Structure formats: structure tokens, C-alpha cells
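Below is one structure, written out as C-alpha cells, with a few remarks after it.
Remember, it's a predicted structure, so these values are computed and weren't measured experimentally.
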Amino acid sequence: MLKEKILIVDDQYGIRILLNEVFQKEGYQTFQAANGFQALEIVDKHSPDLVLLDMKIPGMDGIEILKRMRVVDQDIRVIIMTAYGELDMIQEAKDLGALTHFAKPFDIDEIRGAVKKYLPLKAN
């Protein structure tokens with residue numbers, strides 16, 4: 001049985017670990033990336049079904065990562081995470097097809113609910 005795959009992209013280790021644990025427990029297969037290059041490599045190799053993408057990442061920012069992921073997989077589902085007040089970035093990400101956004105610090109149950117909505121687990 002192939003599990004639905006989630007890629008978590010955040011340069012903050014603690015947030016990656018938290019999200020990783022939550023979604024593994026839910027029954028998803030998870031991947032983690034600390035930067036854009038790792039994220040694009042995982043998209044290329046593993047074709048995740050959904051990406052949780054932080055917008056403020058040193059080097060290649062979230063918008064650039066999102067644009068490049070779309071080139072590899074135009075149907076990839078993306079939920080973005082932003083710091084408070086990054087409204088222009090949120091709008092640009094939504095124009096690029098992001099499903100929804102969460103401001104940090106986020107409510108883990110809200111993110112879990114959104115992921116279940118946009119990437120329902122198939123019954124085994």
C-alpha cells in the first residue's frame with residue numbers, strides 16, 4: 001500500500017521535526033528539506049503529493065521554490081507557512097497555486113486539518 005507523501009520544507013529544525021512526527025503518526029510518508037535545493041531534489045525523486053512550504057528560507061525563498069516545484073510537477077499541492085505580515089508573499093504564492101497559508105506560530109491541529117482536507121488518506 002503506497003502512502004500519501006508529504007514534503008516538509010523549513011529551515012528550522014524544530015518545526016520540521018514537529019511536523020514530521022505529527023504527519024507520520026497520521027499515517028503519511030514524510031520527507032524533510034532544510035532548503036530549496038533539498039526540496040527540489042525530493043520533488044524530483046519522490047513526487048510528494050503535498051508540500052508544507054515555509055516562505056522565509058535563506059538562499060532560495062519560498063516563492064522561488066514554489067515556482068521551481070511547479071515546473072517539475074504542475075499539479076503539486078502546496079500549503080505555505082509564513083511569518084506574520086508577509087501579505088505580499090502570501091498573495092504571490094496563492095497566484096502560483098498555493099492552496100492555503102498558515103501564519104507562524106501556527107496551530108498544529110489547524111495544519112493537520114488542512115492537510116487531511118487537501119490530501120485525504122486512502123483507506124488501506
Side-chain angles (χ1 to χ4, degrees):
M1 175 69 201
L2 290 170
K3 290 182 174 181
E4 288 78 359
K5 294 182 279 197
I6 295 179
L7 167 58
I8 298 151
V9 188
D10 199 306
D11 62 314
Q12 289 177 277
Y13 178 75
I15 290 177
R16 286 202 311 276
I17 293 300
L18 169 70
L19 292 169
N20 195 59
E21 199 170 291
V22 165
F23 290 111
Q24 274 187 354
K25 273 200 186 111
E26 291 288 329
Y28 295 95
Q29 183 181 355
T30 56
F31 299 90
Q32 297 178 53
N35 57 52
F37 298 103
Q38 289 177 4
L40 292 165
E41 205 171 278
I42 291 166
V43 168
D44 208 31
K45 268 196 198 131
H46 301 284
S47 306
D49 301 293
L50 183 134
V51 182
L52 291 169
L53 175 61
D54 185 45
M55 287 281 105
K56 267 286 199 292
I57 291 185
M60 201 189 303
D61 73 6
I63 293 292
E64 186 61 30
I65 297 168
L66 180 52
K67 283 178 181 166
R68 293 191 190 193
M69 286 193 305
R70 280 261 178 267
V71 173
V72 180
D73 176 359
Q74 65 182 50
D75 298 321
I76 199 163
R77 285 169 267 190
V78 180
I79 290 174
I80 62 165
M81 302 179 286
T82 61
Y84 179 72
E86 290 169 3
L87 292 175
D88 46 342
M89 245 181 169
I90 293 167
Q91 191 50 56
E92 196 175 347
K94 290 199 167 160
D95 292 344
L96 288 165
L99 299 165
T100 188
H101 81 276
F102 288 91
K104 292 175 167 182
F106 48 72
D107 178 327
I108 196 72
D109 290 321
E110 284 184 12
I111 286 204
R112 188 193 278 137
V115 167
K116 281 185 164 165
K117 174 182 164 183
Y118 291 112
L119 186 59
L121 283 162
K122 295 180 197 81
N124 286 329

Applying side chain to side chain donor-acceptor pair (under 3.5 Å), name anything that partners Q12, two or more places apart in sequence or on another chain. K104
Distance in Å, D61 CG paired with L66 CG, rounded so as to fall on 0.5 Å steps: 10.0 Å
So, the side chain of Q38 versus the backbone of A34: is there a donor-acceptor pair under 3.5 Å, distance only? yes
Any residue meeting side-chain contact (heavy atoms from CB on, under 4.5 Å) with I111, in chain and number order, not counting sequence neighbours: L19, F23, L52, M81, F102, F106, V115
Using modelled atom types only, decide if a donor and an acceptor are shared between the side chain of R77 and the backbone of Y118 within a distance under 3.5 Å. yes
Who passes salt bridge (Lys or Arg N to Asp or Glu O under 4.0 Å) against D75, sequence neighbours left out? none
Chi angles and distances behind the side chain to side chain contact (heavy atoms under 4.5 Å, CB included) call for L119, Y28: CA-CA 10 Å; L119 186 59; Y28 295 95; 3.7 Å; yes
Minimal non-hydrogen separation, I42 against Q32, with atom names: CD1-O, 3.3 Å
Distance in Å, I65 CD1 paired with M60 CE, rounded so as to fall on 0.5 Å steps: 6.0 Å
N/O donor-acceptor pairs under 3.5 Å from side chains in residues 89-100, not counting sequence neighbours:
unit_1: Q91; atom_1: NE2; unit_2: D95; atom_2: OD1; d: 3.0
unit_1: K94; atom_1: NZ; unit_2: H101; atom_2: ND1; d: 3.3

Which residues pass the side-chain contact (heavy atoms from CB on, under 4.5 Å) test with D44, sequence neighbours left out? V72
Got a second to check how far I57's CD1 is from M55's CE, nearest 0.5 Å? 8.0 Å
Where do V9 and N35 come nearest, in terms of heavy atoms and distance? CG1-O, 4.3 Å
Distance-minimising heavy-atom pair for M69 and V78: CE-CG2, 4.0 Å
Drop me the distance from L53's CG to L7's CG, to the nearest 0.5 angstrom. 8.0 Å
Looking at residues at least two apart in the chain, or sitting in another chain, which of them share a side chain to side chain donor-acceptor pair (under 3.5 Å) with T30? N20, Q24
The side chain to side chain donor-acceptor pair (under 3.5 Å) partners of E26 (sequence neighbours excluded) come to R112, K116
Heavy atoms, side chains only, cut-off 4.5 Å: are V22 and I108 in contact? yes
Listed partners of K117 passing side chain to side chain donor-acceptor pair (under 3.5 Å), at least two apart: none
CD of E64: more than 12 outside heavy atoms within 6.0 angstrom? yes
Answer yes or no: are there more than 12 heavy-atom neighbours, outside K56 itself, under 6.0 Å from its atom NZ? no
By side-chain contact (heavy atoms from CB on, under 4.5 Å), which residues pair with D88, not counting sequence neighbours? none
Is V71 isolated, or which residues cluster with it under the ILVMFWY side-chain rule of less than 4.5 Å, directly or via members? none
Heavy atoms only: give me the nearest D73-P48 pair and the separation to one decimal. OD2-O, 4.4 Å
Report the residues that fulfil side-chain contact (heavy atoms from CB on, under 4.5 Å) with D107, sequence neighbours left out, ordered by chain and then residue number. D109, E110
Which pairs, with at least one residue in residues 31-63 and sequence neighbours excluded, count as a ring pair (Phe, Tyr, Trp, His ring centres under 6.0 Å)? F31-H46
